[in-house]
Amino acid sequence: MCALALARQGVRVVVCEAEPSLTHDLRAGTFHPPTQEMMAPYGITQRMHERGLQVRRWQIRSRRGGMVAEFDLGVLADETPYPYRLHLEQHRLTPIQLDVLRDEPSAEVHFGHRITGFEQKGASVLVQFESEGIPGKLEASWLVGADGGRSTIRKLLAVEFEGFTWPEQFLVVSTPYDFAQHGFTLNTYIADPVEWAAVFKMPDAGPPGLWRLAFPCDPGLPDDALLDPAAVQNRMQGFLSQTTPYEVRYQSIYRVHQRVARTYRKDRVFLAGDAAHLNNPLGGMGLNGGLHDVLSLVPRLAGVWHGRRAEAELDGYERQRRPEAVHAINAITERNKKLMEERDPAVRQRNLERMAAIAADAKLAYEYMLEASMITSLRRCGMLP
Ligand SMILES: Cc1cc2nc3c(=O)[nH]c(=O)nc-3n(C[C@H](O)[C@H](O)[C@H](O)COP(=O)(O)OP(=O)(O)OC[C@H]3O[C@@H](n4cnc5c(N)ncnc54)[C@H](O)[C@@H]3O)c2cc1C
């Protein structure tokens, strides 16, 4: 997205991707209204709608007490042309982006090119990469490290990744079993002190789609015990018991962090996306926030590239985006996780009652949905009117 936005502004850009092709792992899948708006001018949003599921309503439930709150994003129709979350697997978005990017004459994409180092020298960055075991170099004016949570570029910059890692891993399971028949909306959060869950329906290759469930895992168990098919089946049966076994299409576990890089820029090198911030997926803000980052960085970088802006204005990128990573993306996702997993029965009861009260009050619900859709954060940092 960063490369595409730069290329559209007439900036020459080279993408180095370590993997031999686009990756297909199960990752983000929720696109909030402003993210859809921001990608629309590139023709991406329209193509996402060909497959994506429009999710207007989402619920908070309590595993032990049933329905707590339901929110309807349709009421935001005066705020956004996309008053819903769009569910689409990240691995179905990236081919669309790559396809659009390939049409840009000023962009080059190189798969199988792993960045191994760089050196900042005067007005350029000398970037070292490795392709099929052969080292290579390229000279650039600027380098954007959008190389994920384990970012080599962030490590080479020696930028601290402040925050913490949650002790438990998350188990993600996908099944075609239709949870809508039990009244679940296509996005549902289920609170429980031991076995909370986040449920998302994904379009998959087409109907009936796949339901994706994320659960916390016992930190004391090794990975193979967590991924054992019988253990996964037990987990699913424990969630909602069925007379027949669940058909499980995918299962994986992953570690979750709440971290923000201490700085987003060191001279001619920037960090964006997961390289700059990591959060838990409750609220679907990681990839959305990363896309917002680059659409903050690109106009500044393109302005400097074309000589229309002073280099000092590049500092505005960190000023605009880092506080939102700390006070919105991190704070909201952490709060969402705590709401799901609260162990103290009195606090849990109070929290869930508060959510029910918010959902029942049209004004409070409206404000809550603006915040959950990232509109509040984007307005606060000046990226949305
Ligand atoms: C299970 C799961 C569910 C999630 N759900 C959501 C959700 O619902 N909503 C949401 O918004 N977010 C979600 N996220 C987070 C989301 O997937 C990430 O925020 C997103 O992938 C970050 O994009 P990125 O481009 O910054 O990093 P990545 O997607 O990690 O991409 C980084 C790329 O850089 C490449 N790379 C790494 N090192 C190098 C190198 N040295 N040289 C060249 N290339 C390199 C990698 O191969 C990779 O392709 C989820 C994440 C997980 C794991």
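Counting convention: from 1, in listed order, for ligands and their atoms alike. Note that these values count all heavy atoms, side chains included, but never hydrogens, waters or copies made by symmetry.
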The residue among Ile329, Leu271, Val294 that forms side chain to side chain contact (heavy atoms under 4.5 Å, CB included) with Arg321 is Ile329
Tell me yes or no: between the side chains of Tyr264 and Gln320, is some donor less than 3.5 Å from an acceptor?
-> no
Between Thr185 and Arg56, do the side chains contain an N or O donor and an N or O acceptor separated by less than 3.5 Å?
-> no
Distance from atom 24 (P) of ligand 1 to nearest protein heavy atom, with residue and atom | Asp274 N, 4.2 Å
Within a distance under 4.0 Å of any heavy atom of Cys16, pick out the atoms of ligand 1 and give their elements.
-> 43 (C), 44 (N)
Can a salt bridge be assigned to the pair Arg268 and Glu139 using a cut-off of 4.0 Å between side-chain N and carboxylate O?
-> no
Is there side-chain contact between Leu378 and Met38, with at least one heavy-atom pair below 4.5 Å?
-> yes
Should Glu247 and Arg249 count as an ion pair when the cut-off is N to O under 4.0 Å?
-> yes
Show which atoms of ligand 1 fall inside a sub-4.0 Å distance from at least one heavy-atom site of Gly29.
-> 7 (C), 8 (O)
Are any of the N/O atoms in Tyr254 less than 3.5 Å from those in ligand 1?
-> no
Quick one: do Leu240 and Phe200 end up in the same hydrophobic cluster if we chain Ile, Leu, Val, Met, Phe, Trp and Tyr together by side-chain heavy atoms under 4.5 Å apart?
-> no
Gly286 heavy atoms, cut-off 4.0 Å: which ligand 1 atoms fall inside?
-> 10 (C), 11 (O), 12 (N), 19 (O)
Do the two ring centres, one from His49 and one from Tyr84, sit under 6.0 Å apart?
-> yes
Can you list the atoms of ligand 1 that are under 4.0 Å from a heavy atom of Glu19?
-> 47 (O)
Residue portion contacting ligand 1 (non-hydrogen atoms closer than 4.0 Å) for Ala18 = both
Could you see which bit of Leu26 sits under 4.0 Å from ligand 1, with heavy atoms only: side chain, backbone, both or neither?
-> backbone
Atoms of ligand 1 under 4.0 Å from any heavy atom of Gly284, numbered from 1 in the order shown, are 7 (C), 8 (O), 9 (N), 10 (C), 11 (O)
Taking the six-membered ring of Tyr42 (Phe, Tyr or Trp), confirm whether the NZ or CZ of Arg8 is under 6.0 Å from its centre and within 45° of its axis.
-> no
Does the N or O separation between Arg212 and ligand 1 drop below 3.5 Å for any pair?
-> no
Without hydrogens or angle criteria, can the side chains of Glu130 and Thr116 be said to hold a donor-acceptor pair below 3.5 Å?
-> no
Non-hydrogen atom of Thr23 closer than 4.0 Å to ligand 1 | no
Looking at Arg85, His87, Met1, Gln90, the heavy atom closest to atom 16 (C) of ligand 1 belongs to Gln90
Are any of the N/O atoms in Ala275 less than 3.5 Å from those in ligand 1?
-> no
Ranking Asn187, Asp147, Asn280 by closest non-hydrogen atom to atom 38 (N) of ligand 1, top hit is Asp147
Identify, by atom number and element, the atoms of ligand 1 in contact range of Thr152, meaning under 4.0 Å from any of its heavy atoms.
-> 41 (N)
Going through the distances and angles, do Phe170 and Trp196 end up as a ring pair (Phe, Tyr, Trp, His ring centres under 6.0 Å)?
-> CA-CA 11 Å; Phe170 282 27; Trp196 58 263; 5.3 Å; yes
Nearest protein heavy atom with distance in Å, relative to atom 23 (O) of ligand 1 = Leu287 CD1, 3.8 Å
Taking atom types as modelled and ignoring hydrogens, do the side chains of Thr35 and His292 form a donor-acceptor contact shorter than 3.5 angstrom?
-> yes
Please state whether His113 comes within less than 4.0 angstrom of ligand 1, counting heavy atoms only.
-> yes
If you count the atoms of ligand 1 from 1 in the order shown, which ones are under 4.0 Å from a heavy atom of Gly148?
-> 27 (O), 30 (O), 32 (C)
Under 6.0 Å between the ring centres of Phe239 and Tyr246?
-> no
Ala146, portion touching ligand 1 at heavy-atom distance under 4.0 Å | backbone
Considering distance alone, does some N or O of Val172 sit under 3.5 Å from an N or O of ligand 1?
-> no
Those atoms of ligand 1 less than 4.0 Å from some heavy atom in Gly273 = 26 (O)
In terms of side-chain heavy atoms, does Tyr177 have a donor or acceptor partner in His182 at a distance below 3.5 Å?
-> yes
Tell me: protein heavy atom nearest atom 29 (O) of ligand 1, and distance?
-> Arg27 NH1, 3.3 Å
Quick one: look up the protein heavy atom nearest atom 42 (N) of ligand 1 and list residue, atom name and how far away it is.
-> Ile115 N, 2.8 Å
How close does the nearest protein non-hydrogen atom get to atom 6 (C) of ligand 1, and which residue and atom is it?
-> Ala28 CA, 3.1 Å
Any idea which heavy atoms bring Leu157 and Gln120 closest together, and the distance?
-> CD2-NE2, 4.2 Å
Identify the closest protein heavy atom to atom 35 (C) of ligand 1: which residue and atom is it, and at what distance?
-> Glu17 OE1, 3.4 Å
